[in-house]
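For reference, the structure discussed in these notes is given below.
No experiment lies behind these values; they were computed from the predicted model shown. Residue numbers start from 1 in every chain, and the chains themselves are labelled A, B, ... in the order their sequence lines are given, proteins ahead of strands.
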Amino acid sequence: MVLVQSLDKIDFIYNKLYKEYGPQGWWPLINYKGINPTKTGSVNGYHPGKYGFPKNEKEIFEICLGAILTQNTSWPNVEKALINLNKEKLLGPKKILESEEKIVKECIRPAGYYNQKYKKIIIFCDFFISLRGRTPKRKELLNLWGIGDETADSILLYAYRKPVWVMDTYTKRVFERVGINIEQKKKMKYEKMNEIHALLVEHCKRICLKKKPKCEDCKIKEICLFYF
DNA sequence: AACCAGGACGTGA
DNA sequence: TCACGTCATGGT
């Protein structure tokens, strides 16, 4: 116990969850499906243990689009939309802008909110082209209609490999439970930031954020303020 | 068959 | 600031 408390909580969580779940291979890319046989319903595993993604502009764009499409939406639905777009050869900003509204909306329909998300995507395509390959600033992303804190940080972390925290429902949940002040989050190298966020998502899906949390199976319960 | 998913925005208090 | 309604499909 004393030893645990003396360790940094973030490191403790990272080590425990990594040992339990293994590398998660985020962000999902549709051309790297199913490499990792481990899964929890929504995820097939992608490129676990490899942090060299995205490898090109197309993959960067795909991640950005996925980040928008997955707003309040389960990943399988997003994946359907991305596969549809890919089939229509629309996984590129210019292609989408040149395409008919009807076509694009039909592709992204499985991801839900397709009217709103179409609008968000069009705005983002414009912005993405204007970047000409450079990394966007967080404020620039937030200025875009349809991109809030979480989507912006997801894009920065997974599309542009910036070591930032994505404070989504899952991360907030664990931080709250183990008593990590979200104002004093520790920054680490990109690879670790990438992995720990994915691990927190996996942990919440399996254990912490289920209707009835499975606290008995939780590997980090020793530092949980809600566990007795 | 309700419930909810890797949110963001607009509105009114 | 903050609480609430809206947006929509698909899996459990």
Of all the choices, B:dA5, C:dG10, B:dG10, which nucleotide is nearest to the side chain of A:P110 once you look at every atom? C:dG10
Have a look at A:Q116 and say if it touches a base, only the backbone sugar-phosphate, or nothing, with a 4.0 Å heavy-atom cut-off. base
Below 4.0 Å: OP1/OP2 of B:dC9 and any side-chain N or O of A:K120: no
Any side-chain N or O of A:W75 less than 4.0 Å from the OP1 or OP2 oxygen of C:dG11? no
So what does A:K80 touch, heavy atoms closer than 4.0 Å: a base, only the sugar-phosphate, or nothing? sugar-phosphate
With a cut-off of less than 4.0 Å, is there a side-chain N or O of A:T169 near OP1 or OP2 of B:dG7? yes
Give a yes or no on whether the ring-centroid distance for A:Y32 and A:F53 is below 6.0 angstrom. yes
Looking across every strand, which nucleic acid part, if any, lies under 4.0 Å from A:L209 by heavy atom: base, sugar-phosphate, or nothing? nothing
What does A:I68 touch in the nucleic acid at a heavy-atom separation under 4.0 angstrom: a base, only the sugar-phosphate, or nothing? nothing
Comparing A:I147 with A:T73, nearest DNA chain B nucleotide closer to 5' gives the residue A:T73
Nucleotide nearest A:W145 when distance is taken to its side chain, options B:dG7, C:dA8, B:dG10: B:dG10
With a 3.5 Å distance limit and no angle check, can you tell me whether A:K117 reaches the backbone of A:A111 through a side-chain donor-acceptor pair? yes
With no hydrogens and no angle check, do the side chains of A:K120 and A:T151 hold a donor and an acceptor under 3.5 Å apart? no
Please work out if A:Y114 contacts a base, only the sugar-phosphate, or nothing of the nucleic acid, heavy-atom cut-off 4.0 Å. sugar-phosphate
C:dG11 phosphate, OP1 or OP2: any side-chain N/O from A:N77 under 4.0 angstrom? no
Within the structure, does a side-chain N or O atom of A:T151 lie under 4.0 Å from either OP1 or OP2 of B:dA8? yes
